[in-house]
Amino acid sequence: MAAANNNNNSSGSKYASKKQNGRRNVQPFNRDTQIKNPSKIIRFNDPNEDDDVSNRLLKGDVVTYKSLKSRANELLRVRKTLPVYQHKSEIMPYINANPVTVLIGETGSGKSTQIPQFILEQIYDKKKHGSIAVTQPRRVAAINLATRVAQEHGCKLGDQVGYSVRFDNTTTAKTRLKYLTDGMLLRELMMNNNLKEYSVIIIDEAHERTVLTDLILGFLKSLIQGPRPDLKIIVMSATLQAEKFSEFFNNAPILFVEGRKFDVSQYYLKAPTDDIVDAVIRCCIQINQGEQLGDVLCFLPGQEEIDKAVTIMEKIAKYVSDETSVPLLIPYPLYAALPPVQQALVFAPVKGFKRKVIFSTNIAETSVTISGVKFVVDSGLRKVKVWRHQLGLATLLTVPISQASAMQRSGRAGRESEGKSFRLYCEPDYLKLPKQSEPEIARSDVTSPVLMLKRYGINDIVNWTWFENPGKEAIIMGLQELYELGALDTRGNITKRGEQMALLPLQPHLSSVLIKASEVGCLSQVIDIISCLSVENLMLNPSPEERDEVNERRLSLCNAGKKYGDLIMLKELFDIYFYELGKSQDANSERNDWCKGLCISLRGFKNVVRVRDQLRVYCKRLFSSINEENEEARKIGENGDEISKILKCFLTGFIKNTAIGMPDRSYRTVSTGEPISVHPSSMLFLNKSCPGIMYTEYVFTTKGYARNVSRIELSWLQEVVTNGTAVAKQKISSSK
DNA sequence: GAGCACTGC
């Protein structure tokens with residue numbers, strides 16, 4: 001391996017030189033001194049803290065005004081060491097003088113906690129009205145930031161500072177500074193009030209370029225050009241992309257504040273490798289033998305590679321260490337589908353002469369921060385879901401990461417002290433990588449964004465103020481999809497059904513199923529199923545050893561699911577969880593054991609109940625005509641008629657996701673005739689006797705897989721088609 | 001015979 005030049009300062013000088021060119025109004029700041037006490041670094045995104053932080057603060061011992069103020073004074077000393085605080089007098093004039101400011105603050109600059117407070121002080125000083133919204137891509141970040149800032153501000157959470165995320169809103173009438181998720185701000189926009197309660201909107205982590213942040217940027221531009229010229233906008237981002245944000249907002253000034261991170265030296269391979277797992281393991285062994293103590297974080301593309309690496313390291317660990325000079329390697333897997341208990345293991349420090357090695361997906365790149373990491377090993381790969389709108393199919397691809405992503409990964413080694421980053425590719429190949437990853441919106445299904453725009457009253461979707469235009473083709477497919485779901489009329493105007501769909505916190509297809517269920521009288525059962533579908537990683541993947549056993553147990557519990565498939569199975573499992581296990585004294589531990597035996601996430605089912613409660617409230621409000629009987633919660637039986645009714649509701653939303661059984665027992669999709677296989681995780685994987693199948697997801701990995709599969713009768717296709725949506729489809733094709 | 005990562009009035 002060859003050591004490469006480590007240049008941490010490049011972006012700073014880049015912006016500085018722009019000022020000399022006189023091209024743009026740029027204010028460079030000097031590198032800040034490194035802080036002396038790293039334990040005082042404010043850390044976010046800690047999943048150990050999760051949603052309970054605020055509860056601790058709210059429910060803790062009686063909090064007096066005096067104790068809040070003294071805590072705030074204590075924290076002020078820490079705040080004053082933050083780069084953003086030290087440059088306050090230089091930053092604020094820019095923000096005050098410009099309607100839009102782009103602020104580039106590196107990790108540890110304090111931008112997310114301090115800038116909003118500076119603005120809040122000004123609002124108080126000038127006795128102005130209006131409040132500040134700060135958006136975050138993730139719930140945990142919004143919660144943790146609000147909690148921290150409330151402490152710094154010397155108030156209780158929910159007084160002047162609060163947060164609003166799905167299922168949890170601590171804001172009150174007093175709140176002037178509100179941290180919220182992107183999704184929540186979009187929901188507020190959907191209420192059509194032009195965000196009038198806010199005088200300042202701060203978009204944080206804009207560089208992550210999620211679909212929702214991109215949409216918000218587009219909405220903000222149209223707001224300041226139209227009904228809200230008074231609105232002040234600050235776009236905050238880690239590094240890079242500043243030019244793009246600035247240009248989008250009429251060449252807004254770019255401010256750059258350096259952070260407080262430690263140097264990370266880069267090492268590259270001299271020759272490329274073709275076995276990435278092998279290369280990662282070798283690299284870990286080398287680190288273990290040659291480097292000082294400190295944990296290793298390895299980035300691999302997916303679960304398969306991670307499990308393989310963990311297995312290998314478990315086998316060889318004792319042979320490549322000794323008790324005196326080379327520590328024992330302890331491998332840990334980390335990915336989203338891992339049961340929460342196992343995820344939590346990576347945060348516990350290891351005792352004794354050992355070195356923790358975490359094999360992780362991209363989850364550790366932004367969402368999760370692990371302390372103690374001194375070394376990063378980067379495979380240079382990630383998995384990405386790409387939507388093919390022509391085929392209505394998602395493909396899961398392993399692709400090279402971008403330079404920005406590689407830098408972010410390396411940075412994970414320099415959070416607490418100097419670190420080293422080992423890139424398992426050659427330096428010339430790094431230089432050939434794209435600077436940025438392709439933004440999510442360019443590779444996503446835009447049906448839902450298009451519906452939001454329609455609901456907001458935008459007619460010309462193609463020429464809207466997109467921050468990143470997903471392309472005419474994608475937009476037209478989205479419009480057509482919405483038309484077929486009955487959300488748009490023949491002139492492309494939003495229908496009453498479309499309005500309802502836009503207000504439901506579901507993807508349009510599921511909203512459409514829900515509305516249908518309210519019409520035919522199986523709303524309660526369909527809500528339960530949709531709630532299960534809305535929760536990611538509810539059904540966990542059993543390890544290969546216990547796979548057959550778990551499948552057997554699931555099948556034996558779900559008589560109807562065995563025949564009709566995964567949607568009905570979810571309802572059967574929900575019924576057991578909710579009705580049967582909820583009664584005893586020790587309901588929680590009973591549920592826990594039950595979930596463990598079936599390899600189901602208990603946390604997942606708790607979320608299912610929250611989604612269900614929310615949907616029931618929405619439905620009550622949206623469908624005033626539904627009768628009492630329809631609303632009543634009930635268990636599913638094995639009654640074929642009832643099950644058919646439920647599945648036909650799903651068919652109205654997923655008519656495109658159907659396949660017909662062939663004589664050779666394979667399936668071919670109705671829309672394109674492509675072969676499709678039932679995913680092995682499905683209840684119907686072994687059942688080869690379905691005349692047809694319907695699925696909620698069509699993913700291409702090694703081949704086309706149908707996920708969440710249900711049995712359908714072929715006659716249903718015609719029935720559902722003539723009843724509704726496909727009439728529209730015919731009109732579309734005949735008008736072409 | 002298999003599972004990138006987030007998120008919602």
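Just so it is clear, the structure is predicted and the values come from calculations on it, not from any experiment.
With dC4(B), dG1(B), dG8(B) as the candidates, the nucleotide lying closest to the side chain of Tyr705(A) is dG1(B). Residue Thr701(A) places its side chain closer to dG3(B) than to any other of dA2(B), dG3(B), dC4(B). Comparing dG3(B), dC4(B), dA5(B) by their nearest atom to the side chain of Ile363(A) picks out dA5(B). Side-chain proximity of Arg187(A) to dA2(B), dG8(B), dC6(B): nearest is dG8(B). Side chain of Arg138(A), nearest nucleotide from dG3(B), dC6(B), dA2(B): dC6(B). Among the nucleotides dG8(B), dC4(B), dG1(B), the one closest to the side chain of Leu396(A) is dC4(B). Distance from the side chain of Asn551(A) is smallest for dG1(B) among the nucleotides dT7(B), dC4(B), dG1(B). Taking every side-chain heavy atom of Pro680(A) into account, dA2(B) is the closest of dG3(B), dA2(B), dG8(B). With dG3(B), dC4(B), dA2(B) as the candidates, the nucleotide lying closest to the side chain of Lys385(A) is dC4(B).
At the phosphate of dG3(B), neither OP1 nor OP2 sits under 4.0 Å from any side-chain N or O atom of Tyr335(A). For Thr361(A) and dA5(B), the shortest distance from a side-chain N or O to OP1 or OP2 is below 4.0 Å.
Between Lys308(A) atom NZ and dA2(B) atom P the separation is 14 Å, expressed in whole Å. The separation between Glu440(A) atom CD and dC4(B) atom C1' is 11 Å, rounded to whole Å. When rounded to the nearest whole Å, the span between CD of Gln303(A) and P of dG1(B) equals 18 Å. Taking atom CG of Leu338(A) as the reference point, atom P of dC4(B) lies 12 Å away to the nearest angstrom. Separating the CD atom of Glu304(A) from the C1' atom of dG1(B) is a distance of 12 Å, rounded to the nearest angstrom. Taking atom CG on Asp566(A) and atom P on dA2(B), their separation rounds to 16 Å, with Å as the unit. When rounded to the nearest whole Å, the span between CZ of Arg139(A) and C1' of dA5(B) equals 16 Å. Distance Leu538(A) CG to dT7(B) P: 16 Å, rounded to the nearest Å.
Comparing Gln507(A) and Leu334(A) by the nucleotide of DNA chain B whose heavy atom lies nearest to each, the residue mapping closer to the 5' end is Leu334(A). The residue among Leu506(A) and Pro301(A) whose nearest nucleotide of DNA chain B lies closer to the 5′ end is Pro301(A).
When the side chain to side chain donor-acceptor pair (under 3.5 Å) test is applied to Glu197(A), the partners found at least two apart in sequence or on another chain are Asn193(A). Applying the side-chain contact (heavy atoms from CB on, under 4.5 Å) test to Ser556(A) and every residue at least two apart in sequence or in another chain returns nothing.
A side-chain donor-acceptor contact under 3.5 Å links Tyr425(A) and Asp378(A). Checked by atom type, the side-chain pair Glu481(A)/His509(A) shows a donor-acceptor distance below 3.5 Å.
Within the 4.5 Å cutoff, the side chain of Gln436(A) has no heavy atoms near those of the His207(A) side chain.
Stacking of Arg423(A) on the aromatic ring of Tyr430(A) is recorded, both the 6.0 Å distance cut-off and the 45° axial limit being met.
Across all strands, Met190(A) comes closer than 4.0 Å to no nucleic acid atom at all (heavy-atom distances). Across all strands shown, Thr181(A) has heavy atoms under 4.0 Å from sugar-phosphate atoms exclusively, and none from any base. Counting any heavy atom pair closer than 4.0 Å across all strands shown, Arg382(A) reaches no nucleic acid atom. Among the atoms of the strands shown, none is found under 4.0 Å from any heavy atom of Asp182(A). Base contact: Leu504(A) has a heavy atom under 4.0 Å from a base atom.
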